[in-house]
Protein chains: 2
Amino acid sequence: MSAAPTVYDVADKAGVSIATVSRVYRSPQSVREPTRDRVLEAARSLGYVPSGNARGLASRTTGVLGLCFPDYADPDVDAEGAGPDGDGDDDGAVVMLYSDQIIRGMERAARRHGYALLIAASLEGGPESLVAQVAGRVDGFAVLSQTVPTSDLEVIAQRLPIVMLAGPREIDHLDHIEVANADGVRELTRHLVEDHGLRRLAFVGGQESSPDARARFRGFQEACRETGLPVPSAPDLRAEPMTQAEGSRAAEALLDREGPAPEAMLFANDQMAVGALHALERRGVRVPEDIAVTGFDGIPLGRVVRPSLTTVRQPMRRLGEEAVELLVRRLGDRTLEPASLMLPVTVVRRGSCGCGPAGA
Amino acid sequence: MSAAPTVYDVADKAGVSIATVSRVYRSPQSVREPTRDRVLEAARSLGYVPSGNARGLASRTTGVLGLCFPDYADPDVDAEGAGPDGDGDDDGAVVMLYSDQIIRGMERAARRHGYALLIAASLEGGPESLVAQVAGRVDGFAVLSQTVPTSDLEVIAQRLPIVMLAGPREIDHLDHIEVANADGVRELTRHLVEDHGLRRLAFVGGQESSPDARARFRGFQEACRETGLPVPSAPDLRAEPMTQAEGSRAAEALLDREGPAPEAMLFANDQMAVGALHALERRGVRVPEDIAVTGFDGIPLGRVVRPSLTTVRQPMRRLGEEAVELLVRRLGDRTLEPASLMLPVTVVRRGSCGCGPAGA
DNA sequence: TTGAAAGCGCTAACAC
DNA sequence: GTGTTAGCGCTTTCAA
């Protein structure tokens, strides 16, 4: 691991100029074969690896796309492994699936276009923040909403393409992709009311500050209105972190409320719904016979719990893929009008609402 | 999106030198506050974003760590979304969890150390391959075994730290982390024999070329030897892709063999074991009453199938974290002896071997 | 087909 | 505390 060999070293050893070395890597067919072989051989023996930095500097592109996502978990908590059975992992696996899927989608699409992917969970501000870490090293990047301060984005957007993911359009001159949160819940709710004949519905929302959670509740309201049910002005309950534990708690609270128990509980995400399923089982309440339960997201876990979870599937992977498409498109033509995509969601009817094979 | 502003533009506008602009970003406290504010203000108004390339070139570091992993799935298959219910996703979600977990682990650890993470699934060779894409842009990187040709790694390793993940140590002067495949299966097998009194065991392996699958079978052999059972020289069966479908097929083949049915089926991974569970259920064979089934990996799916799957959990996230630690350590001192870690695995006793709450 | 030379935008001594 | 000045390793005209 001595000083890094450069084009000069390779050129010397191969008896050519640095320009030729460069050509061997950038357009091999423009160099005669014997020359090319000599260069490659020299490079190999020297352990030469082209410097991406120098290359990027000279050519003004990086061949890298980026993704900034929120820092869900405390990085220090599970630093050195979980407990004996590591049961703690599970919720983690579920939580992150969200960004994992986006990463996967972006990685694939990026690869198709010849880009690598740089990922970074958001750090705090400061001039040396994620902005510098990521923005300065990529040709363009995607940002999950509420990850990077709008003011930073405004600055960076002057310089390179940014696409905003999931969440409302915070900056209207940027490309933007969101998911049809309200539509999904509306359709799901109508299914509960119209197909299953349920009328006492309870909605468990999330943080008030979450635009996604708000949009989902809005879908619920719309469905109530459309089906002639009383339109609530706020969720029956809000769960602060939208976890399984909070879902359990919420389900029990709903059960313990005065008056007749609800016929259905709609949760703003799958994790809470799964937690609720556990709580209901503990209380001896049968799902879906006594009560229907639904979630939102379409996490893998939802299809294997019993009863399997009726939910609204978000096309996370596709979100990542479309993000890359948008970036690549804009990289090709900076003058394009800002695009705003709304990706459709799918209501997935499974056991927990009374559809599908309820049991096994 | 006009020409990118540079330190010169900012310096001009702020009435300082470029060195001062640089200092504002690299060591803010070494610049007097009024000066700093002027610079920041100028930068902001210009939409200045420091060029990671120029920076890296000048400072000879990137602040980025990399990961190269195999390209499991065909990138074109699910390009434009899956079917209506998208059931195809599921297996994909399960398969990829492997690298997803490593990515997650690396990302977290990298962040703790102030690095971002560059990821790329392997492309085919050629001078402009992934190697160049990644290797030239990071300070060091991790490679999942059998992803990058050994010869390429040899070359790159002369230049920057590489840690090899999962799989045998292909290059002995590189840092390397593997998982205790053999130990895990040996312990699991002994549990079956010693605690459940099972003696007719069948082992379903994977591709012969897979070092992991081979190591797992070796663990099985060791346990047989240690418990006085006949030691098989080869797995009872090999599944070519280690999928649920192949697991089902294998289970049926095992059932249809002549002679007494096995009392336990050990699979080289969880996916096959889950497939087997389905097949056995279809055939009316009860698990664990009639036969025990075990897997390997510890995928989330395993804990929610019924009966829940007894398996050996691999510490994937930790693998990623340790990889970063090794890289960071070596970045700090290139003369360190190459390290070789063997991460312990955990036998997870659940319903499918007769432990734990068999049913619900 | 190959070479010479001028940057790309920044950092890091070293002066002041 | 701030400015000057060399490069960092590559790509890219422009000539030959």
Side-chain angles (χ1 to χ4, degrees), chain A residues 2-40 42-43 46-63 127-128 132-133 135-139 159-160, chain B residues 2-40 42-43 46-63 127-128 132-133 135-139 159-160:
Chain A
S2 45
T6 72
V7 274
Y8 292 94
D9 302 315
V10 176
D12 274 3
K13 181 140 190 174
V16 298
S17 74
I18 61 164
T20 298
V21 176
S22 178
R23 286 192 190 100
V24 166
Y25 285 87
R26 300 215 49 70
S27 46
Q29 74 294 10
S30 77
V31 177
R32 250 191 315 169
E33 186 162 341
T35 318
R36 193 194 321 153
D37 290 347
R38 243 181 321 136
V39 171
L40 253 14
L46 256 28
Y48 169 71
V49 177
S51 154
N53 283 327
R55 206 173 245 197
L57 184 55
S59 66
R60 297 132 157 305
T61 65
T62 64
E128 277 306 73
Q133 278 261 316
R137 311 206 147 277
V138 300
D139 291 338
R159 301 280 314 104
L160 41 83
Chain B
S2 47
T6 72
V7 274
Y8 292 95
D9 302 316
V10 177
D12 274 3
K13 182 140 191 171
V16 299
S17 75
I18 61 165
T20 298
V21 175
S22 178
R23 286 192 191 102
V24 166
Y25 285 87
R26 300 212 51 68
S27 47
Q29 75 294 10
S30 77
V31 177
R32 251 191 315 168
E33 186 163 341
T35 318
R36 193 195 317 153
D37 290 346
R38 244 183 316 140
V39 171
L40 252 14
L46 256 27
Y48 170 72
V49 178
S51 156
N53 284 326
R55 204 172 246 198
L57 185 54
S59 66
R60 298 135 156 303
T61 64
T62 64
E128 277 307 73
Q133 277 261 314
R137 308 206 148 279
V138 300
D139 290 338
R159 300 279 314 101
L160 42 82

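Every heavy atom of this structure was used, including side-chain atoms; hydrogens, water molecules and symmetry mates were not. Quick caveat: nothing in here was measured; it's all calculated off a predicted structure. Protein chains get the first letters and strands the later ones, always in sequence-line order, with residue 1 at the start of each.
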Q. Residues two or more places apart in sequence or in another chain: which of them pass side-chain contact (heavy atoms from CB on, under 4.5 Å) with A/L46?
A. A/P5, A/D9, A/V10, A/K13

(Q) Going by the rule side-chain contact (heavy atoms from CB on, under 4.5 Å), which residues pair with A/S59 if we only count those two or more places apart in sequence or in a different chain? (A) A/T61

(Q) Holding to side-chain hydrogen bond (donor to acceptor under 3.5 Å, both in side chains), I want the full list of residues that pass it with B/D139, two or more places apart in sequence or in another chain. (A) B/T62

(Q) Under 4.0 Å from a heavy atom of chain A: give me the 5'-most and 3'-most nucleotides of DNA chain C that qualify. (A) C/dT1 to C/dG9

Q. Which pair of non-hydrogen atoms, one from A/A4 and one from B/R159, has the smallest distance, and what is that distance?
A. CB-NH2, 2.5 Å

**Q.** Sugar-phosphate or base contact per nucleotide [nucleotides 11-16 of chain D; S, B, -; heavy atom under 4.0 Å]
**A.** BBB---

Q | A/I18 versus A/Y8, closest heavy-atom pair with distance | A | CG2-CD2, 3.5 Å

**Q.** Nucleotide D/dG9, atom C1' - distance to CZ of B/R159 in whole Å
**A.** 11 Å

Q) On DNA chain D, nearest-nucleotide positions of B/L57 versus B/S30: which is more 5'? A) B/S30

Q) Excluding sequence neighbours, so at least two apart, what forms side-chain contact (heavy atoms from CB on, under 4.5 Å) with A/A58? A) none

Q) Looking at A/R137 and B/G52, what are the two nearest heavy atoms and their distance? A) NH2-O, 3.2 Å

List the atom pairs, donor and acceptor, that lie under 3.5 Å between side-chain atoms in residues 27-37 of chain A and the rest of the protein, sequence neighbours left out.
unit_1: A/S27; atom_1: OG; unit_2: A/S30; atom_2: OG; d: 3.2
unit_1: A/S30; atom_1: OG; unit_2: A/S27; atom_2: O; d: 2.8
unit_1: A/R36; atom_1: NE; unit_2: A/P28; atom_2: O; d: 3.2
unit_1: A/R36; atom_1: NH2; unit_2: A/V31; atom_2: O; d: 3.3

Q | A/R60 side-chain N/O to D/dC10 phosphate OP1/OP2 under 4.0 Å | A | no

